[in-house]
Amino acid sequence: MKFIQHLEKNGCYASVVSAEHAAELGEEIRALHDDCRIDDALYKNYALMNFVPELPKSLPKAKSIIVASVPQPMIRATFRWKGRAHQLVVPPSYYDAVKVDRRIRRLLKEGFEPESYRFVKAVLPLKLLAVRSGLALYGKNNITYVPNHGSLHRLTAFYSDYDSPIDNWREKKALPLCDRCRACLNACPTGAIMKDRFQVRADRCLTYLNEMTSGHEFPKWVDASSHNSLIGCMRCQRACPYDRDVANWYEDRVVFSEKETEYLLEGKFRGAKAANIERKLKRLGIDLTIFPRNLETLLAQKRR
Ligand code: B12
Ligand code: SF4
Ligand code: SF4
């Protein structure tokens with residue numbers, strides 16, 4: 001399809017399914033919650049906010065859902081502290097959300113020319129959509145993988161009035177090696193990936209814990225050596241053979257001076273100073289709410 005080729009020429013991937021499948025996506029997630037396989041807090045705080053499986057009011061006659069994947073490197077942020085420079089990682093998909101959506105809209109518009117269609121952001125379970133559309137495969141770590149960039153990509157989706165002659169809807173599929181590989185399970189520091197169940201225990205995932213506001217301390221069962229990123233966690237992705245080629249794919253963004261690091265560690269954020277540093281954090285896709293806890297934990301680890 002011409003628009004898919006246009007995205008590929010620009011380093012991105014896409015697939016298309018009929019808009020009728022939106023309801024099925026919502027139903028699958030609801031059924032997991034009914035079956036007690038999604039923790040109540042996670043369902044309330046993430047699923048209900050991130051999944052709206054009805055067709056949008058601004059495009060009630062949407063015909064298709066286009067799902068796209070944009071490769072993204074890990075970001076390194078430098079924190080100067082006590083005479084040393086500490087490089088801390090922000091995983092792909094935290095940053096540039098708006099930029100990615102804008103880029104995909106532009107590429108879709110170009111890819112369909114001279115025809116013209118509407119694209120309305122779809123608020124759906126994106127991994128499930130990507131896998132069921134054939135765009136990606138699930139890893140046992142429950143992250144999705146695309147060719148060439150492994151799991152280092154951001155997903156996004158749009159409803160459209162484009163009436164696709166092809167509906168790529170299919171069953172969920174895992175990466176071929178997941179049957180006999182345990183690398184992510186062994187690397188996971190919190191036991192979120194399990195031997196006998198494909199779906200991860202999201203409530204045990206370090207990412208779930210370190211995305212919470214700084215007032216939430218880490219539970220006692222989290223070993224101090226588990227922490228590895230300023231937010232999120234890269235352990236299961238780094239261990240995966242399908243991520244080998246992108247294991248060292250970083251972009252360096254933002255340096256925090258000794259004074260700025262000290263301010264972030266103090267944790268008293270008010271006025272213009274807070275607004276200035278928040279502007280800097282925005283480039284990493286994060287805000288002040290995870291400070292000082294996450295930074296404190298990582299710098300303490302470097303001192304050991
Ligand atoms: C809530 C959420 C989280 C929560 C919960 C994640 C979870 N796994 O439940 C927390 C905070 C823990 C989290 C963490 C991360 N997240 Co997150 N997250 C989301 C969000 C908002 C919703 C995802 C969700 O809850 N889905 C519901 C669950 C139940 O669905 P699922 O995980 O796909 O589960 C499916 C599989 O288990 C599968 N399955 C079950 N059994 C079987 C058996 C077989 C054989 C197969 C094949 C499949 C299969 O079916 C389930 C669905 O029915 C999405 C954005 C969005 N709108 O989709 C981003 C999103 C999924 N996150 C993303 C990322 C990058 C991450 C992290 C990797 C970030 C990081 N490095 O720290 C981690 C990964 C943690 C992990 N191992 O899953 C990306 C994924 C991109 C990608 N490459 O796939 C997304 C899509 C954001 C984006 N726009 O790019 N996340
Ligand atoms: S992101 Fe970290 S804590 Fe979460 S499943 Fe992967 S390795 Fe485990
Ligand atoms: S580390 Fe192994 S089991 Fe885990 S997602 Fe990658 S291939 Fe699958």
Side-chain angles (χ1 to χ4, degrees), residues 24-33 35 37-39 41-52 67-72 74 89-97 100-101 121-132 135-146 149-157 171-195 197-212 222 226-244 246 285:
E24 281 168 76
L25 292 167
E27 187 48 39
E28 176 158 345
I29 302 298
R30 199 187 55 76
L32 283 179
H33 178 243
D35 206 20
R37 283 175 40 173
I38 302 182
D39 169 274
L42 257 154
Y43 190 68
K44 254 191 230 133
N45 300 335
Y46 284 96
L48 293 181
M49 274 186 343
N50 287 289
F51 311 144
V52 185
V67 52
S69 147
V70 178
Q72 283 194 324
M74 293 171 275
V89 168
V90 175
S93 93
Y94 279 98
Y95 58 92
D96 292 354
V100 162
D101 281 355
K121 178 100 178 141
V123 184
L124 289 169
L126 293 170
K127 289 183 293 180
L128 187 57
L129 170 62
V131 172
R132 298 218 62 175
L135 175 67
L137 294 173
Y138 269 114
K140 180 85 166 43
N141 54 11
N142 281 211
I143 304 170
T144 69
Y145 286 72
V146 292
H149 294 94
S151 66
L152 271 57
H153 65 107
R154 182 180 171 84
L155 290 169
T156 187
E171 287 305 311
K172 299 186 285 213
K173 239 177 152 175
L175 295 165
L177 273 182
C178 289
D179 264 353
R180 51 186 194 280
C181 168
R182 292 169 64 112
C184 58
L185 187 147
N186 294 337
C188 177
T190 57
I193 303 174
M194 288 174 292
K195 216 170 33 197
R197 188 178 103 168
F198 197 95
Q199 192 192 337
V200 296
R201 274 203 54 189
D203 57 316
R204 284 193 75 88
C205 179
L206 197 55
T207 300
Y208 177 56
L209 302 171
N210 68 25
E211 281 185 5
M212 286 183 196
V222 177
S226 309
H227 305 284
N228 60 87
S229 301
L230 188 54
I231 189 164
C233 166
M234 284 303 297
R235 286 272 169 88
C236 56
Q237 290 169 273
R238 279 207 177 103
C240 179
Y242 291 97
D243 276 331
R244 207 163 279 149
V246 284

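In listed order, ligands and their atoms are each counted from 1. It should be emphasised that the depicted structure is a prediction, and the values quoted were computed from it without experimental measurement.
In terms of protein heavy atoms, atom 6 (Fe) of ligand 3 is closest to Cys240 SG, 2.4 Å. The closest protein non-hydrogen atom to atom 53 (O) of ligand 1 is Glu28 OE2, 2.6 Å. Residue, atom and distance of the protein heavy atom nearest to atom 8 (Fe) of ligand 3 are Cys178 SG, 2.3 Å. Ranking protein heavy atoms by distance to atom 7 (S) of ligand 2, first place goes to Cys236 N, 3.3 Å. Nearest to atom 1 (S) of ligand 3 among the protein's heavy atoms is Cys184 N, 3.4 Å. Counting only heavy atoms of the protein, atom 35 (C) of ligand 1 lies nearest to Tyr138 OH, 3.3 Å. For atom 19 (C) of ligand 1, the closest non-hydrogen atom on the protein side is Tyr46 CD2, 4.8 Å. The single protein non-hydrogen atom nearest to atom 24 (C) of ligand 1 is Phe51 CZ, 3.6 Å, given as residue, atom name and distance. For atom 2 (Fe) of ligand 2, the nearest protein heavy atom (residue, atom name, distance) is Cys233 SG, 2.3 Å. Nearest non-hydrogen protein atom to atom 5 (S) of ligand 3 is Lys140 N, 3.3 Å. Looking only at heavy atoms of the protein, atom 62 (N) of ligand 1 is closest to Ser93 OG, 4.9 Å. Considering only non-hydrogen protein atoms, atom 4 (Fe) of ligand 2 sits nearest to Cys205 SG, 2.4 Å.
In terms of N/O distances under 3.5 Å, ligand 1 is not approached by Glu211. Residue Cys233 has at least one N or O atom closer than 3.5 Å to an N or O atom of ligand 1.
Atom 81 (C) of ligand 1 is flagged as protein-proximal [any protein heavy atom, distance under 4.0 Å]. Proximity of atom 3 (C) of ligand 1 to the protein is not indicated, since no non-hydrogen protein atom lies closer than 4.0 angstrom. Protein heavy atoms are found inside the 4.0 Å sphere centred on atom 31 (P) of ligand 1. Put simply, atom 90 (O) of ligand 1 has protein non-hydrogen atoms near it, under 4.0 Å away. For atom 42 (C) of ligand 1, a protein heavy-atom neighbour is found at a distance under 4.0 Å.
Remark: ligand 2 atoms within the under-4.0 Å shell around heavy atoms of Cys188 are 3 (S), 5 (S), 7 (S), 8 (Fe). Numbered from 1 in the order shown, with element, the atoms of ligand 2 that lie under 4.0 Å from a heavy atom of Ile193 read 5 (S). The Thr190 neighbourhood of ligand 2 comprises atoms 3 (S), with distances under 4.0 Å to a heavy atom of that residue. Listed by number with element, the atoms of ligand 2 under 4.0 Å from a non-hydrogen atom of Arg235 are 7 (S).
For the pair Pro241 and Leu177, the tightest heavy-atom approach, listed with the atom from each and the gap, is CG-CD1, 3.8 Å. Here the closest non-hydrogen pair linking Ile231 and Pro91 is O-CD, 3.1 Å. In terms of heavy-atom proximity, Leu25 sits nearest to Pro125 at CB-CG, 4.0 Å.
Ligand 2 has no atom lying under 4.0 Å from any heavy atom of Val200.
Just one of Leu152, Val246, Val100 meets the side chain to side chain contact (heavy atoms under 4.5 Å, CB included) condition when paired with Gln72; it is Val100.
Contact annotation: for Leu206 versus ligand 2, heavy atoms closer than 4.0 Å belong to both the backbone and the side chain.
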